[in-house]
*Asks:* 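I have a structure here, written as structure tokens, and I will follow up with some questions on it.
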Amino acid sequence: MRNSRPLPSAVLASYHYCETITGQQARNFAYGIRLLPTGQRRALSALYAFARRVDDIGDGTLDPDTKRARLLECRDLLERVRTGTVPQDATDPVALALSHAAGAFPIPLDALDELIDGVLMDVRGHTYENWDDLRFYCRCVAGAIGRLSLGVFGTVPGVRGAARAPEYADTLGLALQLTNILRDVREDAGNGRVYLPAEDLRKFACPETADDLRRYPPPAEADFTALVRFQIQRARELFAEGFKLLPMLDRRSGACVAAMAGIYHRLLDRIAEDPAAVLRGRVALPAPEKVLVAVRGLTGLDARRIARQAHP
């Protein structure tokens, strides 16, 4: 951090609000950041609280025009953060916390613009013809979060390949988002959304519409298991590339990322055990298993293992 002076009470209260939001609504994320230094943990909570606000608008029940108006308000708030014009007596705790975090860390705020762009794609009911289309969306809604987080973590001074760290952070975000998409196939279809690329759905003779995709069992001619395994392999390749970020981070930051990513990586393994399960409902890790994976990450076991693989 650039400034270690005691924080004004309003800023402290705003950070506390953001940490509460994070703890209540992002268990996986909260597992990961708990061992970070206070300043980094607060900054990541502020980023999460803003991202949560944007996501909630996109996923809410408002009509599309109102959603677009609310998202434009988020973009206006972001511009005030970018220009340093959020007043110290602001009544919006997310604005105040994010403004302070942006002044304390080199956070690439343009990535939050990308997040808004991605949610606007959801509001418009965007569909994805091929992987390139879906990858662009995933970069907006998840790769951007990876790059924002890297702005808070930083890299180890002098570490080899640090110039590629944003690329790896972005790719790891893509891996997590593709895992989310697989996990939520049925839930998303129920909300009228299909994220899997139409090109891939056709390749495996699977239905392309949300109404058809949420029906179980799938049509006899559909090889849904092969479709899911195809996406799992894609996600595993993204994880393998994204995990190259870990050796570039300090011990605590690496443990944080390993804990968060480890939960999703294990979730992908769980989906691989029964690919058709994603059509029956949302696949989830049992709480004890999630805790175990998180603890392995937080203790640095997984980060050290991945670092050895990256630099044999």
Side-chain angles (χ1 to χ4, degrees), residues 1-2 26 28-29 31-37 39-48 50-51 82 98 101-115 117-118 135-180 234-265 268 294 296-312:
M1 291 183 67
R2 300 172 189 164
N28 294 349
F29 192 73
Y31 277 133
I33 67 175
R34 63 177 58 185
L35 289 187
L36 288 174
Q40 289 181 321
R41 188 182 69 249
R42 287 171 173 166
L44 286 169
S45 294
L47 286 169
Y48 175 82
F50 181 87
R82 184 182 286 112
L98 184 60
F105 295 94
I107 296 172
L109 292 174
D110 288 353
L112 287 174
D113 276 308
E114 293 180 43
L115 172 64
D117 291 339
R135 179 168 54 191
F136 177 82
Y137 168 78
C138 291
R139 287 194 78 250
C140 287
V141 299
I145 302 302
R147 284 174 273 128
L148 288 160
S149 299
L150 180 63
V152 175
F153 294 138
T155 56
V156 175
V159 69
R160 184 175 63 184
R164 298 193 67 184
E167 173 190 337
Y168 295 141
D170 184 278
T171 301
L172 193 54
L174 264 64
L176 270 60
Q177 185 64 23
L178 184 53
T179 302
N180 270 340
R234 176 175 279 158
R236 283 178 169 159
E237 291 171 1
L238 292 169
F239 270 115
E241 184 73 4
F243 277 145
K244 293 178 182 178
L245 173 68
L246 290 183
M248 300 180 180
L249 305 177
D250 64 41
R251 181 183 61 81
R252 294 170 91 176
S253 298
C256 169
V257 175
M260 290 187 287
I263 290 172
Y264 283 90
H265 195 266
L268 191 68
R296 283 185 58 85
L298 291 173
T299 56
L301 292 173
D302 287 341
R304 288 194 293 271
R305 174 178 57 80
I306 293 166
R308 287 195 298 270
Q309 292 172 347
H311 299 293

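All values derive from a computational prediction rather than experimental measurement. Starting from 1, each residue takes its place in the sequence as its number.
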*Asks:* Identify the two heavy atoms, one from V159 and one from P247, that lie closest to each other, and give their separation to 0.1 Å.
*Replies:*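 Heavy atoms of V159 and P247 come nearest at CG2-O, 3.9 Å.
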*Asks:* Can you give me the closest heavy-atom contact between Q177 and A142, atom names plus distance?
*Replies:*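 Closest heavy-atom pair between Q177 and A142: CB-CB, 3.5 Å.
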*Asks:* If the threshold is 4.0 Å, N to carboxylate O, is there a salt bridge linking R164 and E241?
*Replies:*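 Here R164 pairs with E241 in a salt bridge, since their nearest N and O are under 4.0 Å apart.
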*Asks:* Dump the intermediate steps for side chain to side chain contact (heavy atoms under 4.5 Å, CB included) on L109 and D113, then the final yes or no.
*Replies:* CA-CA 7 Å; L109 292 174; D113 276 308; over 6 Å; no
*Asks:* Hey, are the side chains of V152 and L36 touching, using non-hydrogen atoms and a 4.5 Å cut-off?
*Replies:*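 V152 does not reach L36 side chain to side chain.
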*Asks:* Hey, what do you get for CZ (R147) to CG (L115), rounding to the nearest 0.5 Å?
*Replies:*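 One gets 10.5 Å once the value is rounded to the nearest 0.5 Å.
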*Asks:* Starting at OH of Y264, measure out to CG of L172 and round the result to the nearest 0.5 Å.
*Replies:*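 Interatomic distance, Y264 OH to L172 CG, rounded to 0.5 Å: 11.0 Å.
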*Asks:* Shortest non-hydrogen contact from G146 to A169?
*Replies:*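 Scanning both residues, the minimum pair turns out to be O-CB, 3.5 Å.
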*Asks:* Rounded to the nearest 0.5 Å, what separates atom CD1 in I107 from atom CG in L98?
*Replies:*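 Separation between the atoms: 6.5 Å.
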*Asks:* Does the side chain to side chain contact (heavy atoms under 4.5 Å, CB included) test come out yes or no for L174 and L178, once each step is laid out?
*Replies:* CA-CA 6 Å; L174 264 64; L178 184 53; over 6 Å; no
*Asks:* Side-chain contact test, heavy atoms from C-beta onward, threshold under 4.5 Å: evaluate it for L150 versus T155 and give yes or no.
*Replies:*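 With C-beta onward as the side chain, the pair touches.
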*Asks:* So F243 and H265, would you call those rings parallel, tilted or perpendicular, with 30° and 60° as cut-offs?
*Replies:*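 Aromatic pair F243/H265 classed tilted.
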*Asks:* Calculate, to the nearest 0.5 Å, the distance between atoms CG and CG belonging to N180 and L268 respectively.
*Replies:*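 If I round to the nearest 0.5 Å, the distance is 11.0 Å.
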*Asks:* Of the non-hydrogen atoms in T171 and L238, which two are nearest, and what is the gap between them?
*Replies:*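 Looking at all heavy atoms of both residues, the closest pair is CG2-O, 3.4 Å.
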*Asks:* Please give me the minimum heavy-atom distance between G254 and L246, naming the atom from each residue.
*Replies:*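 Result for this residue pair: O-CD2, 3.6 Å.
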*Asks:* Let me see the working for Y48 and I33 under side chain to side chain contact (heavy atoms under 4.5 Å, CB included), right down to the final yes or no.
*Replies:* CA-CA 11 Å; Y48 175 82; I33 67 175; over 6 Å; no
*Asks:* Run the numbers on I145 and L47 for side chain to side chain contact (heavy atoms under 4.5 Å, CB included), then give the verdict.
*Replies:* CA-CA 8 Å; I145 302 302; L47 286 169; over 6 Å; no
*Asks:* Give me the atom names and distance for the closest heavy-atom approach of F153 to C256.
*Replies:*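 Taking F153 first and C256 second, the nearest heavy atoms are CZ-SG, 3.8 Å.
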